[in-house]
Amino acid sequence: MKYICAMLLAVAVAFSAAHAEEISEKGSFGVVIDQNFIKFSYVMTYLGESETEGHIGFELAFEDNKGYDIPSEIDDTDTVLKSRRLEIEGKVERKSEHSVLLLFPIESPRDLSGRVTIYTRVFGSKLKKKFRF
C-alpha cells in the first residue's frame, strides 16, 4: 500500500510540475450572432518580451471557419493583466485575420512571478486565462 501511495504522489508531483510550466492555455466562448449561437475556440500563448521594448506579449489565436473577423471585435479598453498587486492595462495589435498580440508595458518579465491573469473582451464575452511563471 505504501508503494502505491508513493507512486501516486510521484505522478501527481510530476503532473503539477509539467502543468506549472505550460505557456499556452486553450479556451472557448459562445456568442449569439443574428439569432444563431456560435462557439469560438482560441489559444492564448505567453510570448515573453515582445519586439516593443518594455512590453511582454501574449498571442491570442482563434480557430474560426465561419469567416468572422474576430480580431476586430476585441475591446482594447478591457485588456488587463493582473499579478498580485499589479494591474496593467494592455493594448491589442492585430497580427493576422485569426490572431492578435496582447502587449503589456512592464519593466522586466522577472517582475511577474507566480500566477498572472489575463482579461480581455471579445464580442462582449469576457475571456480570462491564468498563467504560472
query: How far does CG of Asp78 sit from CZ of Arg121, to the nearest 0.5 angstrom?
result: 5.0 Å
query: Within 45° of the axis and under 6.0 Å from the centre of the six-membered ring of Tyr119, does NZ or CZ of Lys82 qualify?
result: yes
- prompt: Closest approach of Gly57 and Leu103, non-hydrogen atoms and distance?
  reply: CA-CD2, 3.9 Å
- prompt: Are any non-hydrogen side-chain atoms of Ile56 and Tyr46 less than 4.5 angstrom apart?
  reply: yes
task: Report the C-alpha distance between Asp69 and Arg94 in whole Å, list the side-chain angles of each, state the deciding distance to 0.1 Å, and finish with yes or no for salt bridge (Lys or Arg N to Asp or Glu O under 4.0 Å).
output: CA-CA 11 Å; Asp69 186 15; Arg94 185 183 186 110; 2.7 Å; yes
query: Roughly how far, to the nearest 0.5 Å, is the CD atom of Glu93 from the NZ atom of Lys95?
result: 11.0 Å
task: Using the rule that two of Ile, Leu, Val, Met, Phe, Trp, Tyr join whenever any of their side-chain heavy atoms come within less than 4.5 Å, decide whether Val43 and Leu127 are in one cluster.
output: no
- prompt: Going by atom types alone, do Asp76 and Thr79 pair a side-chain donor with an acceptor below 3.5 Å?
  reply: no
message: Let's go through Val122 and Asp75 carefully: what are the C-alpha distance in whole Å and the side-chain angles of both, what is the deciding distance for side chain to side chain contact (heavy atoms under 4.5 Å, CB included) to 0.1 Å, and is it a yes or a no?
response: CA-CA 6 Å; Val122 182; Asp75 190 354; over 6 Å; no
query: Asp34 side chain to Asn36 main-chain N or O, any donor-acceptor pair under 3.5 Å?
result: no
Nearest-0.5 Å distance that lies between atom NZ in Lys26 and atom CE in Met44: 14.5 Å
Beyond-backbone contact of Glu97 with Phe62, side-chain heavy atoms, under 4.5 angstrom: no
message: Please report the interatomic distance NZ(Lys91) to NE2(His55), rounded to the nearest 0.5 Å.
response: 4.5 Å
message: Restricting to non-hydrogen atoms, name the atom on Leu81 and the atom on Phe58 that form the minimum distance, rounded to 0.1 Å.
response: CD1-CE1, 3.8 Å
- prompt: From Thr120 OG1 over to Tyr42 OH, what is the distance, rounded to the nearest 0.5 angstrom?
  reply: 10.0 Å
field: Within-4.5 Å side-chain heavy-atom neighbours: Ile106 and Ile88
entry: yes
Least distance between heavy atoms, Ser96 atom then Pro71 atom: O-CG, 3.7 Å
field: Heavy-atom donor-acceptor pair, Lys130 side chain to Val116 backbone, under 3.5 Å
entry: no
query: Just wondering, do Leu47 and Leu101 contact through their side chains at under 4.5 Å, heavy atoms?
result: yes
- line: Given the options Ile118, Ile74, Thr45, Ile70, Leu60 meets side chain to side chain contact (heavy atoms under 4.5 Å, CB included) only with Ile74
message: Restricting to non-hydrogen atoms, name the atom on Gly30 and the atom on Phe37 that form the minimum distance, rounded to 0.1 Å.
response: CA-CZ, 3.5 Å
query: Does any non-hydrogen side-chain atom of Tyr68 lie less than 4.5 Å from one of Ile38?
result: yes
message: Just verifying a value: how many Å separate Ser72 OG and Phe123 CZ, rounded to the nearest 0.5 Å?
response: 7.0 Å
